[in-house]
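Following: one structure in structure tokens, then a few remarks.
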Amino acid sequence: MRLSRYFLPTLKENPNEAQIVSHRLMLRTGMIRQSSAGIYTWLPLGLRVLRRIEQIVREEQDAAGCHELLMPTIQPAELWKESGRYDAYGPEMLRILDRHQREMLYGPTNEELITEIFRGTVKSYRQLPKLLYHIQWKFRDEIRPRFGVMRGREFLMKDSYSFDLDQAGAIRAYNTMFVCYLRTFQRMGLTAIPMRAETGPIGGNLSHEFVIVADTGESEIAYHRDFEKIDWIGSDIDFEGDLQPLVDQFTTKYAATDEQRDAAAEAALGEDLVTGRGIEVGHIFYFGTKYSKPLGATVTGPDGEPVAVEMGSYGIGVSRLVAAVIEASHDDAGIIWPDSVAPFAVGLINLKPDDAASSELCERLYTALTAAGHEVLYDDRAERPGVKFSEMDLIGLPQQVIVGPRGAKAGTVELKVRRSGEREELPVEAALARFGA
RNA sequence: CGGAGCGUGGCGCAGUCUGGCAGCGCACUAGACUGGGGGUCUAGGGGUCGCCGGUUCGAAUCCGGCCGCUCCGACCA
């Protein structure tokens with residue numbers, strides 16, 4: 001992508017409304033623009049990151065045996081009256097009347113809808129278990145939206161739903177998602193600690209939040225020091241095997257948020273207790289027959305009798321994750337994207353587009369890097385070097401390739417690693433070899 | 001919803017108290033100089049001062065109402 005043709009409206013100064021670093025940086029790098037309170041437009045750079053995170057979530061869901069579908073954003077009120085949540089949800093749910101005065105709502109979550117789909121299609125225990133998910137925009141009319149996309153009213157969420165014949169099956173599904181989540185966040189370069197959580201209006205009795213440690217988090221958290229050094233899981237998980245030992249490894253140590261915290265347990269930990277703040281990026285629930293019973297989601301069991309299915313739901317805040325990654329990975333100059341979610345892999349800086357040798361070399365690098373499968377943002381603008389350096393650091397692409405007249409003449413380029421700040425001058429061929437080009 | 005604050009050009013702000021030509025920095029346009037960490041100089045363009053009403057010879061400024069945004073609190077991925 002040539003920056004001269006791209007849409008990247010960066011800001012030199014901090015917008016007044018942004019208080020936390022991720023919000024400031026998302027505005028300054030031209031990733032998002034606010035439309036109204038808690039509602040944002042995703043500009044090209046931000047959308048790229050959102051899509052990459054979404055794709056990681058999708059791939060890990062698929063790997064865990066979840067099947068993607070897509071439910072609508074607008075739902076009929078009727079279904080929610082059936083489950084009893086139409087009144088329970090309160091003003092946080094955005095209610096809409098269509099032209100026929102039919103009561104509709106912009107979905108804050110999808111348990112009712114997925115259960116309706118399930119009850120109309122799955123009739124026998126032989127068709128179980130099922131794990132379904134979708135990635136869709138949700139709306140919750142938060143009392144006080146804040147921190148940019150961290151706590152917006154409109155947000156992109158992945159929500160999965162499990163259907164099993166019995167509790168043992170449901171717990172198995174719960175464990176599957178538990179491990180899937182560990183892998184998902186790990187791939188984004190995040191350390192997410194699973195914490196015992198309250199179940200909230202979604203309901204149920206087995207629940208964990210996945211929390212990223214960050215000073216700007218909204219939850220008070222406390223956890224065992226061992227979580228900082230626990231062996232992180234590999235990519236070769238057998239989801240068909242017994243996941244309980246792995247889950248136990250992450251759930252036996254103390255870790256809790258807010259109301260779930262236990263003063264006695266924390267006192268017992270002594271020096272091993274770590275407290276701080278965290279950002280909740282995922283939440284998993286087992287809630288049994290809470291929805292299947294009122295909504296009539298039953299299957300015929302082995303004995304010919306109807307059985308209400310055991311369910312769980314599993315959410316990941318996809319749009320929130322964009323902000324969470326920034327909170328976890330930035331410095332004074334700007335964002336530092338982990339490779340896995342970076343909007344572009346390489347930033348190519350042409351320090352002097354007027355210089356024929358520089359521009360020819362840049363064109364060659366741009367073509368070769370692109371051909372080798374790297375996404376390159378090429379700063380070919382007629383700007384001063386300082387502007388280019390600053391903006392490239394600000395938007396935080398992991399690798400920078402810097403070309404100037406001196407190097408172009410000598411046949412060298414400079415490579416800079418954004419995270420470490422390390423710079424290295426190399427012959428062109430050697431630099432290309434680094435990128436497998 | 002309670003408490004606090006803000007709304008003046010694309011962004012950041014001054015001016016409001018004490019009514020009298022709408023300003024500054026950045027950004028933008030043109031030219032010159034410059035050229036490895038958000039340059040310098042010159043000349044420009046751009047604003048119904050959030051909206052509605054009132055007071056006044058005269059309102060960004062005073063008064064009333066409304067709207068929007070931000071922060072703190074209770075609620076949430």
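The chains referred to below are lettered A, B, ... by the order of the sequence lines, with proteins before strands, and numbering in each begins at 1.
Judged by a 6.0 Å distance limit and a 45° cone about the ring axis, A:Lys130 is not positioned over the six-membered ring of A:Phe163.
Going from atom CD of A:Glu280 over to atom P of B:C75 covers 14 Å, rounded to whole Å. Regarding A:Leu351, its CG atom lies at a distance of 13 Å from the P atom of B:G38, rounded to whole Å. Distance CD (A:Glu142) to P (B:A77): 8 Å, rounded to an integer number of Å. Between A:Ile212 atom CD1 and B:A77 atom P there is a gap of 15 Å when expressed in whole angstrom units. Rounded to a whole Å, the CD atom of A:Glu111 is 11 Å from the P atom of B:A77. B:C72 atom C1' lies 10 Å from atom CZ of A:Phe147, rounded to whole Å. Put simply, CZ on A:Phe139 is 20 Å from P on B:C75, counting in whole angstrom units. The nearest whole Å value for the distance from the CD atom in A:Glu92 to the P atom in B:A77 is 8 Å.
In this structure B:G7 sits in a base pair with B:C67, meeting the Watson-Crick or G-U test at under 3.5 Å. When both pairing distances are held under 3.5 Å, B:A60 makes no Watson-Crick or G-U pair with any nucleotide shown. The pairing partner recorded for B:G31 is B:C41, the criterion being a Watson-Crick or G-U wobble arrangement whose two distances lie under 3.5 angstrom. If you check B:G46 for Watson-Crick or wobble pairing at under 3.5 angstrom, you find it has no partner at all. Here B:G2 sits opposite B:C72 as a Watson-Crick or G-U wobble pair (both hydrogen-bonding atom distances under 3.5 Å). Across all strands shown, nothing is found opposite B:U16 as a Watson-Crick or G-U wobble partner with both distances under 3.5 Å. Nucleotide B:C21 forms a pair with no other nucleotide shown, judged by Watson-Crick or G-U wobble geometry with both contacts under 3.5 Å.
Relative to the side chain of A:Arg384, the nucleotides B:G38, B:G39, B:C72 differ in distance, and B:G39 lies closest. You'll find that the side chain of A:Ile143 is closest to B:C75, out of B:A77, B:G38, B:C75. Comparing atom distances between the A:Ser36 side chain and each of B:A77, B:G35, B:C69 picks out B:C69 as nearest. Nearest to the side chain of A:Gln19, among B:U70, B:G38, B:G35, sits B:U70. The side chain of A:Ser390 approaches B:G38 more closely than any other nucleotide in the set B:C1, B:A77, B:G38.
A donor and an acceptor atom, one from each side chain of A:Lys290 and A:Ser292, are nowhere located under 3.5 Å apart. Donor-acceptor pairing under 3.5 Å is lacking for the side chains of A:Glu111 and A:Tyr291. If you check the side chains of A:Tyr286 and A:Glu310, you find a donor sitting under 3.5 Å from an acceptor.
Rounded to a whole angstrom, the distance from the C1' atom of B:C69 to that of B:U55 is 29 Å. Using P as the reference atom, B:U48 and B:A60 are 13 Å apart when rounded to the nearest Å. Comparing the P positions of B:C63 and B:C76 gives an interatomic distance of 41 Å, to the nearest angstrom. The same atom, P, is picked in B:C6 and in B:U61; the two are 15 Å apart, to the nearest Å. B:G9 and B:C41: their P atoms are spaced 25 Å apart (whole Å). With both ends at atom P, the span from B:A74 to B:C67 equals 26 Å, rounded to whole Å. Taking the P atoms as reference points, B:G47 lies 36 Å from B:C1, given to the whole Å. To the nearest whole angstrom, the two P atoms, one in B:C21 and one in B:G58, are 15 Å apart.
Residue A:Ile316 is out of contact with every strand shown, counting any heavy-atom pair closer than 4.0 Å. If you check every strand for non-hydrogen atoms under 4.0 Å, A:Gly404 touches a base. A:Gly421 comes within contact range of no nucleotide atom at all, as no heavy-atom separation falls under 4.0 Å. Heavy atoms of A:Lys158 sit nowhere under 4.0 angstrom from any nucleic acid atom.
Side-chain N or O atoms of A:Ser329 include one that pairs as donor or acceptor with a backbone N or O of A:Ile336 at under 3.5 Å.
For residues 172-181 of chain A, proximity to RNA chain B is found at no residue, defined as any non-hydrogen atom under 4.0 angstrom from a strand atom.
The pair A:Asp380-A:Arg5 does not count as a salt bridge, with every side-chain nitrogen at least 4.0 angstrom from each carboxylate oxygen. Looking at A:Glu103 and A:Arg95, no side-chain N of the basic residue comes within less than 4.0 Å of a carboxylate O on the acidic one, giving no salt bridge. Salt bridge absent: A:Arg153 and A:Glu92 never bring a charged side-chain N and a carboxylate O closer than 4.0 Å. A salt bridge is absent between A:Lys388 and A:Asp393; no separation between the charged side-chain nitrogens and carboxylate oxygens falls under 4.0 Å. Contact check on A:Arg52 versus A:Glu59 returns no salt bridge, with no Lys/Arg side-chain nitrogen under 4.0 Å from an Asp/Glu carboxylate oxygen. With salt bridges taken as basic N to acidic carboxylate O contacts below 4.0 Å, none links A:Asp339 and A:Arg419.
One finds no side-chain N or O of A:Gln34 lying less than 4.0 angstrom from the OP1 or OP2 phosphate oxygen of B:G68. Contact check, A:Arg146 against B:C72: a side-chain N or O comes under 4.0 Å of OP1 or OP2. Note on A:Lys12: every side-chain N or O is 4.0 Å or more away from OP1 and OP2 of B:G38.
For the pair A:Met311/A:Phe287, a side-chain contact is recorded, criterion being any heavy-atom separation below 4.5 Å from C-beta on.
On a pure distance criterion of 3.5 Å, no polar donor-acceptor pair joins the side chain of A:Arg144 and the base of B:G3. The base of B:G38 does not come close enough to the side chain of A:Glu383 for any donor and acceptor atom to sit less than 3.5 Å apart.
Stacking between A:Phe389 and the base of B:G36 is absent under the criterion of ring centres within 5.5 Å and planes under 30 degrees.
Taking the salt bridge (Lys or Arg N to Asp or Glu O under 4.0 Å) definition, one finds that A:Arg58 meets it with A:Glu54, A:Glu68, sequence neighbours left out.
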Nucleotide-resolved protein contact map, nucleotides 6-13 of chain B, B/S/- at heavy-atom distance under 4.0 Å
-----BSS

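Both A:Glu391 and A:Glu209 sit near RNA chain B, but only A:Glu391 has its closest nucleotide nearer the 5' end.
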